[in-house]
Amino acid sequence: MVRAQKCDFFEEVWALVRQIPRGKVTTYGHIAGALGIRSAARTVGWALNAVAGCSDIPAHRVVNRNGELTGRMHFATPTLMRELLEAEGVSFDGDRVRLERHLWVPPLTN
DNA sequence: CTATTGACCTTCT
DNA sequence: GAGAAGGCCAATA
């Protein structure tokens with residue numbers, strides 16, 4: 001499928017997102033930080049966008065540092081992201097996810 | 001090939 | 001404490 005050469009960065013992101021347990025959410029910064037780069041959070045979003053609704057990557061479980069569903073506009077519908085999270089048992093505070101209850105930290109990859 | 005933007009975060013002023 | 005700028009990787013124009 002994807003030539004793991006120029007997109008190896010994406011693979012790492014997908015690997016972590018894929019490991020996110022149901023009913024939990026993680027943040028771009030934690031993913032980027034787990035990969036060794038805490039500043040490349042932007043690129044993390046790109047990786048998700050590349051597989052948003054096209055792969056087994058639950059991109060809806062990835063939110064920003066504030067718990068806002070920033071990428072909902074990139075989904076099929078602007079409410080799809082929230083619907084999916086709610087369907088998994090994730091609590092919402094207004095338009096934001098309760099990171100205090102569903103914040104999942106990814107394992108540190110070497 | 002260069003410049004700009006993009007689902008962001010960190011750090012300095 | 002708040003605001004502004006920089007930085008990371010990749011894609012598009």
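- Proximity of A/Arg42 to the phosphate of B/dT5: no side-chain N or O atom is located under 4.0 Å from OP1 or OP2.
- Rounded to whole Å, the distance from CH2 on A/Trp46 to C1' on C/dT12 is 7 Å.
- To the nearest angstrom, C1' of B/dC8 lies 15 Å from CZ of A/Arg96.
- The side chain of A/Asn49 lies closest to B/dA7 when the candidates are C/dA10, B/dC8, B/dA7.
- For the pair A/Arg98 and A/Phe92, the cation-pi test (distance below 6.0 Å, angle within 45°) is failed.
- Contact between A/Asp56 and A/Pro58 at its shortest, heavy atoms only, is O-CD, 3.2 Å.
- Using a 4.0 Å heavy-atom distance criterion, A/Ile37 is classed as making no nucleic acid contact.
- Protein atom CZ of A/Arg72 is 11 Å distant from nucleotide atom C1' of B/dA7, rounded to whole Å.
- Nucleic acid contact class of A/Ala47 (heavy atoms, under 4.0 Å, all strands): none.
- Here A/Glu88 does not pair with A/Lys24 in a salt bridge; the nearest charged N to carboxylate O distance is not below 4.0 Å.
- When all heavy atoms of A/Val17 and A/Ala59 are compared, the closest pair comes out as CG1-N, 4.5 Å.
- If you check every strand for non-hydrogen atoms under 4.0 Å, A/Asn64 touches sugar and phosphate atoms only.
- With P as the reference atom, B/dA3 and C/dG7 are 16 Å apart, rounded to whole Å.
- A donor and an acceptor atom, one from each side chain of A/Arg65 and A/His30, are located under 3.5 Å apart.
- What separates CZ of A/Phe9 from C1' of C/dA10 is a distance of 10 Å, to the nearest Å.
- Atom CG of A/Leu35 and atom C1' of C/dA10 are 15 Å apart (whole Å).
- As a whole-Å value, the separation of A/Glu12 CD from C/dA10 P is 11 Å.
- A/Ala59 comes within 4.0 angstrom of a nucleotide base, judged by non-hydrogen atoms across all strands.
- For A/His30 and C/dC8, the NE2 to P distance is 20 Å, given to the nearest whole Å.
- Rounded to whole Å, the P atom of B/dT4 lies 13 Å from the corresponding atom of C/dG6.
- Base engagement by A/Thr43 is indicated by at least one non-hydrogen atom pair under 4.0 Å involving a base atom.
- Nucleotide B/dA7 holds its C1' atom 17 Å from the CZ atom of A/Arg61, rounded to whole Å.
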